[in-house]
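See below for the structure under consideration.
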Amino acid sequence: MKEKLGMQTTSASLFPEVDRLDWSDLDGTASRCEAMLREIAADRELMTALVYGAPADPVLWSKCEEDTVEDKIVLCDDPERQFRLRLRLSKQYQEELAHQHRFSFSTLVLRGRYLHRTYRVSGDFGAGTSLDDVVPVWIHEDGPGDVFTIHHEAVHSTPLVEAGTVSLILRGPAEKERAPVLFREDRASELSADEQAEALAGAVPGEFEPLEASAGTFFWRVGEQGESATRRSKRQMRREVFDHWCRELIAMGVIEDRLS
């Protein structure tokens with residue numbers, strides 16, 4: 001079975017427990033997701049096959065991305081069963097962004113740490129939300145071996161305070177087309193004005209996450225269906241970046257070495 005991991009039809013055999021997930025029952029789903037994520041991560045042979053299978057599968061590879069502060073490798077995507085398994089890979093500090101997600105999900109931290117905040121919001125969380133409307137009510141760290149589950153309506157932030165933080169994420173079905181995000185601290189870019197213009201060339205206004213922003217800046221994150229061809233092409237992971245992350249995962253002991 002593991003030799004055919006690039007084929008989406010194998011997901012039911014590989015992950016039968018997904019069919020028991022009810023994301024409207026977050027307590028029950030959280031415990032099931034934790035067990036699944038720990039079992040998957042502990043199976044080094046499976047993780048190796050999943051990671052190296054991504055670039056061999058055109059559907060999965062098209063979803064593997066590079067972004068402003070993090071990259072992602074999609075290990076399995078099953079639209080029919082409405083779940084996706086992926087690795088989240090941080091490459092620089094991420095500012096405090098109060099946000100919701102389009103979907104509910106569970107995360108297992110493999111390396112590094114998150115500084116996790118949950119917020120109380122005055123009124124609806126959207127374009128009219130100000131910094132004063134968003135108040136942290138719970139702050140804690142998540143480190144290697146920790147698991148957390150987030151409902152898509154929750155407003156939280158998970159700054160990746162260590163470059164190289166890696167986590168395994170199991171997400172449920174998309175519940176909305178776009179998700180609100182509010183910067184709670186400034187973001188500076190090392191790119192020049194010309195380099196920023198080049199990075200955003202051809203993009204629909206407001207489609208990309210801001211490269212520079214001041215606290216209070218608001219934007220919407222959209223799903224793949226709401227992205228232009230320009231955005232998709234600029235975010236597509238390059239093979240050399242994939243190989244870099246493979247070396248990191250090998251050094252962590254998450255996967256076996258197939259690069260040499």
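All figures in this text were calculated on a predicted structure; none of them were measured in a lab.
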- prompt: Does some side-chain heavy atom of Leu115 sit less than 4.5 Å from a side-chain heavy atom of Arg113?
  reply: no
- request: From the options Lys176, Arg171, Arg102, Glu175, select the one residue that forms a side-chain hydrogen bond (donor to acceptor under 3.5 Å, both in side chains) with His152.
  value: Lys176
- prompt: Is the shortest heavy-atom distance from the side chain of Leu50 to the side chain of Ile73 under 4.5 Å?
  reply: no
Exercise: identify the closest heavy-atom pair between Leu26 and Thr149: CD1-CG2, 3.8 Å
message: Could you check whether any side-chain heavy atom of Phe242 comes within less than 4.5 Å of a side-chain heavy atom of Trp61, counting everything from C-beta outward?
response: yes
- prompt: Which heavy atom of Ile150 sits nearest a heavy atom of Ala154, and at what distance?
  reply: CG2-CB, 4.0 Å
- request: Under the salt bridge (Lys or Arg N to Asp or Glu O under 4.0 Å) rule, what do Asp243 and Arg239 come out as? Steps first, then yes or no, please.
  value: CA-CA 6 Å; Asp243 289 344; Arg239 184 58 194 241; 3.1 Å; yes
Student check: side-chain heavy atoms of Leu110 and Leu87 closer than 4.5 Å: yes
Where Tyr93 and Glu185 come nearest, the two heavy atoms and their spacing: OH-OE2, 2.7 Å
- request: Apply side-chain hydrogen bond (donor to acceptor under 3.5 Å, both in side chains) to Tyr114 and Ser167, showing your working.
  value: CA-CA 10 Å; Tyr114 291 72; Ser167 54; 2.6 Å; yes
- prompt: Does Val166 share a hydrophobic cluster with Tyr52, counting links as ILVMFWY side-chain heavy atoms below 4.5 Å and allowing steps through other members?
  reply: yes
message: Looking at Arg32 and Val18, would you say the former's side chain and the latter's main chain have a donor-acceptor pair under 3.5 Å?
response: no
query: What orientation do Phe103 and His101 show, parallel under 30°, tilted 30 to 60°, or perpendicular over 60°?
result: tilted
task: Decide whether Val181 and Val69 are clustered together by the hydrophobic rule: side chain heavy atoms of Ile, Leu, Val, Met, Phe, Trp, Tyr closer than 4.5 Å, transitively.
output: no
query: Hey, are the side chains of Phe83 and Cys76 touching, using non-hydrogen atoms and a 4.5 Å cut-off?
result: yes
query: What's the spacing between His116 NE2 and Trp138 CH2 if we round to 0.5 Å?
result: 7.0 Å
query: Heavy atoms, side chains only, cut-off 4.5 Å: are Trp245 and Met237 in contact?
result: yes
statement: One should read off an interatomic distance between Ser104 OG and Leu21 CG, to the nearest 0.5 angstrom, of 11.0 Å
- request: Give a yes or no on this: more than 12 heavy atoms of other residues, nucleotides or ligands lie within 6.0 Å of atom CD of Glu39.
  value: no
- request: Take Leu75 and Val51 through the test side chain to side chain contact (heavy atoms under 4.5 Å, CB included) and record every step on the way to the result.
  value: CA-CA 6 Å; Leu75 306 178; Val51 170; 3.9 Å; yes
field: Sub-6.0 Å ring centroid separation between Tyr119 and Phe125
entry: no
query: Does Arg184 reach the side chain of Leu131, with side-chain heavy atoms less than 4.5 Å apart?
result: yes
- prompt: Between Leu97, Thr129, Thr217, which is the residue that forms a side-chain contact (heavy atoms from CB on, under 4.5 Å) with Leu182?
  reply: Thr129
message: When you compare the side chain of Arg38 with that of Leu108, does any pair of heavy atoms fall below 4.5 Å?
response: yes
- line: side-chain hydrogen bond (donor to acceptor under 3.5 Å, both in side chains) with Asp71: of Arg88, His244, Lys91, only one passes, and it is Lys91
- prompt: For Glu96 and Ser157, which heavy atoms make the closest approach, and how far apart are they?
  reply: CG-OG, 3.7 Å
- prompt: If Ile, Leu, Val, Met, Phe, Trp and Tyr residues are connected whenever their side-chain heavy atoms lie under 4.5 Å apart, and connections chain through other members, are Leu89 and Met252 in the same group?
  reply: yes
task: Following the transitive rule for hydrophobic clusters with a side-chain heavy-atom cut-off under 4.5 Å over Ile, Leu, Val, Met, Phe, Trp and Tyr, establish whether Leu259 and Met47 coincide in one cluster.
output: yes
query: Closest heavy-atom contact between Val254 and Arg44?
result: O-CG, 3.5 Å
- request: Check step by step if salt bridge (Lys or Arg N to Asp or Glu O under 4.0 Å) holds for Glu66 and Lys234.
  value: CA-CA 8 Å; Glu66 302 175 35; Lys234 287 182 179 293; over 6 Å; no
message: I need the Glu70 CD to Thr68 OG1 distance, nearest 0.5 Å.
response: 9.0 Å
message: Minimum heavy-atom separation for Gly112 and Pro144, please, with both atom names.
response: O-CD, 3.1 Å
